[in-house]
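First up is the structure itself, then whatever we jot down about it.
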There are 2 protein chains.
Amino acid sequence: MSPPKHRVIHAELLDRITSGAWPPGAAIPHEEELAREFAVTRPTIARAMADLVNEGLIERRRRAGSRVVERRPVEAVLRIPRVRAEIEASGRAYGYRLLRRALSDHSSPPPEDFRGAGLRLLCLHAADGRPFQLEDRWIDLASVPEAAGRDFAAEGPNEWLLDRVRFSRAAQELTAEAASAEEAELLGVAPGSPVFVVTRATWNGPAPVTRVRLVHPGAGFRLVAHDRAAGGAAG
Amino acid sequence: MSPPKHRVIHAELLDRITSGAWPPGAAIPHEEELAREFAVTRPTIARAMADLVNEGLIERRRRAGSRVVERRPVEAVLRIPRVRAEIEASGRAYGYRLLRRALSDHSSPPPEDFRGAGLRLLCLHAADGRPFQLEDRWIDLASVPEAAGRDFAAEGPNEWLLDRVRFSRAAQELTAEAASAEEAELLGVAPGSPVFVVTRATWNGPAPVTRVRLVHPGAGFRLVAHDRAAGGAAG
DNA sequence: AAGTGGTCTAGACCACTAG
DNA sequence: TAGTGGTCTAGACCACTTT
């Protein structure tokens, strides 16, 4: 029925921060004092404060107390969509085509840190028949041996990997580039025109799992990011 | 000295997920059972599990129990750098120039949802003398009246806002576009060449605070995103 | 040296929901 | 309707760090 106390307290403290009652750098009352004010026990206050820490809004140090952060980094959470789901969710028809499938060899070596042979796949994802994403992927067969037995003719490696393979760490880079001649032709855009590129590398422990470069025609493509948390400084 | 129990337990549970011992969809033992296994009380288990929920790795429902999530969305945390800090951190000289400063009027209306007059600023940030970012900003003077009294000739509005003004919500979009004639000239690139554009809107409660379009030459510019959490499925 | 946050326990009640 | 997670209390001990 009623919201939990720690949540009510969290909301109240949040409001004191965003309203300016507690400006950046201001000291926040001790847990014990807040416990008295809200008529709860200290662990309940601690829970609310812990959430504020997670959201990057306050800093806490033993003996020094708690403060509103001075300069909060601008952070946003980016949700990188599954191609197929993204396209179908927008009501367009999804299309997939495998353009190339090859094992690594001396003329085409895998990424440096791969543990074993690499499987390289070049795929084109389309929305309503128009090129949407060009996927250039390497899979480390030492990490994902099952991939060697799949032809990926009907299903893209993106979806297949997402549903099967675990990872522990990923790194991503976003860039705007000029389409190469090959990319331009495959994506149906003019050579040199802007493309939005997502590069993602994935590891499981120390072992590389997969590395992919996703190229989208710049026109009409956007990545939307939402807040990591509420409150803080604006820019 | 020794890490807290809830952290040790969290790490162990995480390993069972990433190692495949608990594959996606698998049921996780009840809190009580885990409490026995790790020889702690139930709240300590709850703390470790809560962290896993925050990281998007497990789902919990009353009576139904806890499960490893089936399909985890690919999420990454994007840290959008402060221009000046970013440039200086890389050892380059930071340069700033105000190109235009104007109040909104009938020929140049502010963004639709602004509550009051808008202040528009066009600024160029440079690294080692070369254009790095073109900042096209609107500030809602109803939310930030102090901005009207500043000329922004020496300091960019980005930095000024970040250190002073609070917000409660932000939305961001990332796109790759072709440089317009004006942008190309100001950035010192060829018209039509790729630029990386970040668009950010910021509110405090229901009130718009600022809206900005940041344009970077595509060549050499990249945005790096790190994991939101470890574990999950790879793609 | 003292004050603060970090953690943990033991026990309890409640809300939700699957069966 | 019974089992599960969600929350809270009261009390305690410890680690860290500033004074």
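What you see is a predicted model, and the numbers here were worked out from it, not measured in a lab. Every chain is numbered from 1, with letters handed out A, B, ... down the list of sequences. When reading the values below, keep in mind they use all heavy atoms of this one structure, side chains included, and skip hydrogens, waters and symmetry mates.
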I want to check one thing: is the phosphate of dT9(C), taken as OP1 and OP2, less than 4.0 Å away from some side-chain N or O of T44(B)?
yes
The answer to which of T41(A) and P29(B) contacts DNA chain D further toward the 5' end, by nearest nucleotide, is P29(B)
Who pairs with E33(A) by side chain to side chain donor-acceptor pair (under 3.5 Å), at least two apart in sequence or on another chain?
none
Set of ring pair (Phe, Tyr, Trp, His ring centres under 6.0 Å) partners for F152(B), sequence neighbours left out
W160(B)
If you compare every side-chain N and O of K5(B) against the phosphate oxygens of dG6(C) (OP1, OP2), does one of them come in below 4.0 Å?
no
Run the ring pair (Phe, Tyr, Trp, His ring centres under 6.0 Å) test against F38(B) and tell me which residues pass, sequence neighbours left out.
none
According to side chain to side chain contact (heavy atoms under 4.5 Å, CB included), who are the partners of R67(B), at least two apart in sequence or on a separate chain?
A27(B)
With sequence neighbours left out, the residues meeting side chain to side chain contact (heavy atoms under 4.5 Å, CB included) with R97(B) are L99(B), L124(B)
List for me each residue that meets salt bridge (charged side-chain N to carboxylate O under 4.0 Å, His left out) alongside R36(B), sequence neighbours excluded, and say none if there are none.
none
Residues passing the ring pair (Phe, Tyr, Trp, His ring centres under 6.0 Å) test with Y96(B), sequence neighbours excluded, are H125(B)
If a stem is a run of at least 3 consecutive Watson-Crick or G-U pairs, both distances under 3.5 Å, which stems include DNA chain C?
C:1-18 with D:1-18
Applying side chain to side chain contact (heavy atoms under 4.5 Å, CB included), can you list everything that pairs with N204(B), at least two apart in sequence or on another chain?
T18(A), R166(B), S168(B), V209(B)
Do any side-chain nitrogens or oxygens of H30(A) fall under 4.0 Å of OP1 or OP2 in dG3(C)?
no
The criterion is side chain to side chain contact (heavy atoms under 4.5 Å, CB included); which residues satisfy it with P81(A), sequence neighbours excluded?
E86(A), L223(A)
Produce the list of close N/O pairs, under 3.5 Å, pairing protein atoms with atoms of nucleotides 11-13 of chain D; give distances to one decimal.
from: dA12(D); atom 1: N6; to: R42(A); atom 2: NH2; distance (Å): 3.2

Heavy atom of residues 60-68 of chain B under 4.0 Å from DNA chain C: which residues?
R61(B), R62(B), R63(B), A64(B)
